[in-house]
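Report on one structure; see the data block that follows.
Here the structure is a predicted model, which means the values were calculated and not measured. One-based numbering along the sequence shown.
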Amino acid sequence: MASPTTAVRRLRRQAGEAVFLRVAGPDGARNRERIHSTPGPRWFAPDRPVRRVHGDASMFIGGLAALLLQSLHPVAMAAVAAHSGYRGDPWGRLHRTSTFLAVTTFGTSADAEAAVARVRAVHARVRGRTADGVLYRADDPELLGWVHVAEADCFLRAHQRYGRHPLDPAGCDAYLADTARVARALGADRPPRDVRELAVRMAGYRPALRPTDASRDTARFLLTDPPLPGAARLPYALLAAAAVDLLPGWARTAVTAGSGAVAARMPGVAARVGGHAVTWAIRWSLPPAPGRAGQYPAGQDSSSG
């Protein structure tokens with residue numbers, strides 16, 4: 001008969017493998033080993049804030065919040081709905097996104113540059129027209145700027161609320177300076193380099209943001225009908241409630257109106273308690289990333305990639 005300690009270790013391993021498989025995909029373990037263990041220069045040194053933020057379990061909440069916030073830009077949402085395949089292959093999209101974040105944050109400079117080049121090549125082929133007749137292209141610097149601003153805002157908000165080691169004000173500015181490097185490489189327009197610039201850029205996009213049929217469909221998909229097995233639905237509901245609570249008030253209302261989601265009705269205090277619980281559970285279950293001795297700070301989480 002297995003001892004309690006052995007049973008806990010088995011449970012931890014099984015939970016970690018299940019979470020990692022969902023986020024990183026069937027090639028995740030191989031990608032992770034390559035990203036973290038391949039020698040060579042990196043875009044970001046081991047002590048840079050972008051590594052602390054993107055390697056923390058709070059990214060699960062920040063990532064979902066970013067998707068909800070991004071959906072409020074009608075043109076960006078039209079492009080996603082028409083070309084990303086998020087409904088037909090939501091996990092594939094998550095795998096690609098998490099791998100891109102991991103490569104550009106932790107991988108070698110050569111791998112980061114190659115990842116950016118692949119994304120830019122995909123963006124160059126995406127063209128279309130919204131239901132209102134507005135032409136769009138995925139490599140539009142203004143649209144890329146919005147996607148980046150929404151991600152940076154939500155990732156940083158989530159880390160400051162749920163991260164193991166929140167950043168001080170200087171660290172927050174440094175995080176945005178780090179992420180601006182990746183955004184510029186992708187072609188984004190004027191990515192913010194500090195908290196003040198982030199607020200200015202968010203305010204600049206605000207008049208264009210509004211709920212649409214596509215954004216409401218996205219919210220229902222993400223909040224009320226995620227493609228998950230029954231055992232994962234309760235922790236996901238806690239994560240979703242924390243993500244909704246993370247949004248600014250105006251965005252929370254715009255995202256959840258008419259969705260009927262439990263996440264939209266959960267009080268803020270309960271959402272935050274649940275958010276801390278689910279990030280603790282993810283952090284507990286996932287093993288640290290591989291890496292050469294001294295390459296990464298001691299105790300660093302690595303929940304992405």
Side-chain angles (χ1 to χ4, degrees), residues 23 43-44 48-73 75-77 79-80 84 86 90 93-106 112 115-116 119-120 122-123 138-163 167 171-195 197-206 208-209 215 218-219 222 239-240 242-244 246-248 251-252 255 303-305:
V23 174
W43 278 3
F44 304 108
R48 292 304 300 173
V50 68
R51 290 192 172 209
R52 184 190 299 188
V53 174
H54 291 180
D56 191 86
S58 59
M59 283 288 284
F60 284 76
I61 294 174
L64 181 55
L67 290 175
L68 293 169
L69 184 58
Q70 287 167 350
S71 75
L72 295 177
H73 194 299
V75 180
M77 188 63 240
V80 168
S84 76
Y86 78 95
R93 188 184 183 214
L94 178 60
H95 302 161
R96 293 187 293 273
T97 300
S98 67
T99 300
F100 177 83
L101 282 170
V103 169
T104 53
T105 303
F106 301 103
V116 166
V119 171
R120 293 193 69 142
V122 171
H123 286 170
D139 57 2
D140 179 350
E142 185 74 4
L143 287 183
L144 290 170
W146 163 245
V147 170
H148 172 70
V149 164
E151 286 184 351
D153 182 75
C154 291
F155 292 170
L156 187 56
R157 282 174 182 263
H159 187 79
Q160 295 304 93
R161 184 172 296 176
Y162 298 108
L167 301 168
C172 291
D173 286 345
Y175 168 72
L176 293 169
D178 288 346
T179 59
R181 176 176 183 174
V182 181
R184 283 193 302 272
L186 287 169
D189 179 45
R190 296 174 293 128
R193 295 164 295 179
D194 56 37
V195 171
E197 288 185 9
L198 177 61
V200 169
R201 292 289 281 140
M202 183 64 76
Y205 280 108
R206 177 69 182 87
L209 306 179
S215 72
T218 296
L222 293 175
L239 188 151
V244 169
L246 196 70
L247 297 172
R252 193 180 313 135
V255 162
S303 53
S304 57

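- Closest non-hydrogen pair, A183 versus P191, comes out as CB-CB, 3.7 Å.
- Considering all non-hydrogen atoms of both residues, H73 and Y205 come closest at CD2-CD2, 4.4 Å.
- Between the CG atom of L198 and the CG atom of L156 there is a distance of 7.5 Å, given to the nearest 0.5 Å.
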**Message:** What verdict does the side-chain contact (heavy atoms from CB on, under 4.5 Å) test give for L101 and F106, after you've listed the backbone C-alpha separation in whole Å, the side-chain angles of each residue and the deciding distance to 0.1 Å?
**Reply:** CA-CA 8 Å; L101 282 170; F106 301 103; over 6 Å; no
**Request:** Determine, step by step, whether D194 and E197 satisfy the side-chain contact (heavy atoms from CB on, under 4.5 Å) criterion, reporting the C-alpha distance in whole Å, the side-chain angles of both residues, the deciding distance to 0.1 Å, and the verdict.
**Result:** CA-CA 5 Å; D194 56 37; E197 288 185 9; 3.3 Å; yes
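- The distance from the NE2 atom of H159 to the CG atom of L167 is 4.5 Å, given to the nearest 0.5 Å.
- The distance from atom OG of S215 to atom CG of L72, rounded to the nearest 0.5 Å, is 5.5 Å.
- The backbone N or O of D56 sits nowhere less than 3.5 Å from a side-chain atom of Y162 that would complete a donor-acceptor pair.
- Closest non-hydrogen pair, A185 versus R120, comes out as O-NH1, 2.6 Å.
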**Request:** Test side-chain contact (heavy atoms from CB on, under 4.5 Å) on H123 and L144 and set out the steps.
**Result:** CA-CA 10 Å; H123 286 170; L144 290 170; 3.5 Å; yes
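- The minimum heavy-atom distance between A180 and P192, with the atom names listed, is CB-O, 3.7 Å.
- One finds the OG1 atom of T105 at 12.5 Å from the CZ atom of R48 (value rounded to the nearest 0.5 Å).
- Here the options are L64, I61, L68, the test is side chain to side chain contact (heavy atoms under 4.5 Å, CB included), and the partner is V244; only L68 passes.
- In this structure, H54 and Y175 have perpendicular ring planes: the angle between them is above 60°, well past the 30° mark.
- In terms of heavy atoms, W43 sits closest to T104 at CE3-O, 4.1 Å.
- The NE2 atom of H148 sits 9.0 Å away from atom CZ of R184, with the distance rounded to the nearest 0.5 Å.
- The two residues L176 and A152 have their closest heavy-atom pair at CD2-CB, 3.8 Å.
- Proximity of a side-chain donor or acceptor of Q70 to a complementary backbone N or O of V147 within less than 3.5 Å is detected.
- Within a 6.0 Å radius of CZ in R161, more than 12 heavy atoms belonging to other residues, nucleotides or ligands are found.
- Tested against R157 for a side chain to side chain contact (heavy atoms under 4.5 Å, CB included), the candidates L69, L246, L247 yield a single pass: L246.
- Interatomic distance, CZ of F155 versus CD of Q160, reported as 14.5 Å (0.5 Å rounding).
- For R51 (side chain) and F44 (main-chain N/O), a donor-acceptor pair under 3.5 Å exists by modelled atom type.
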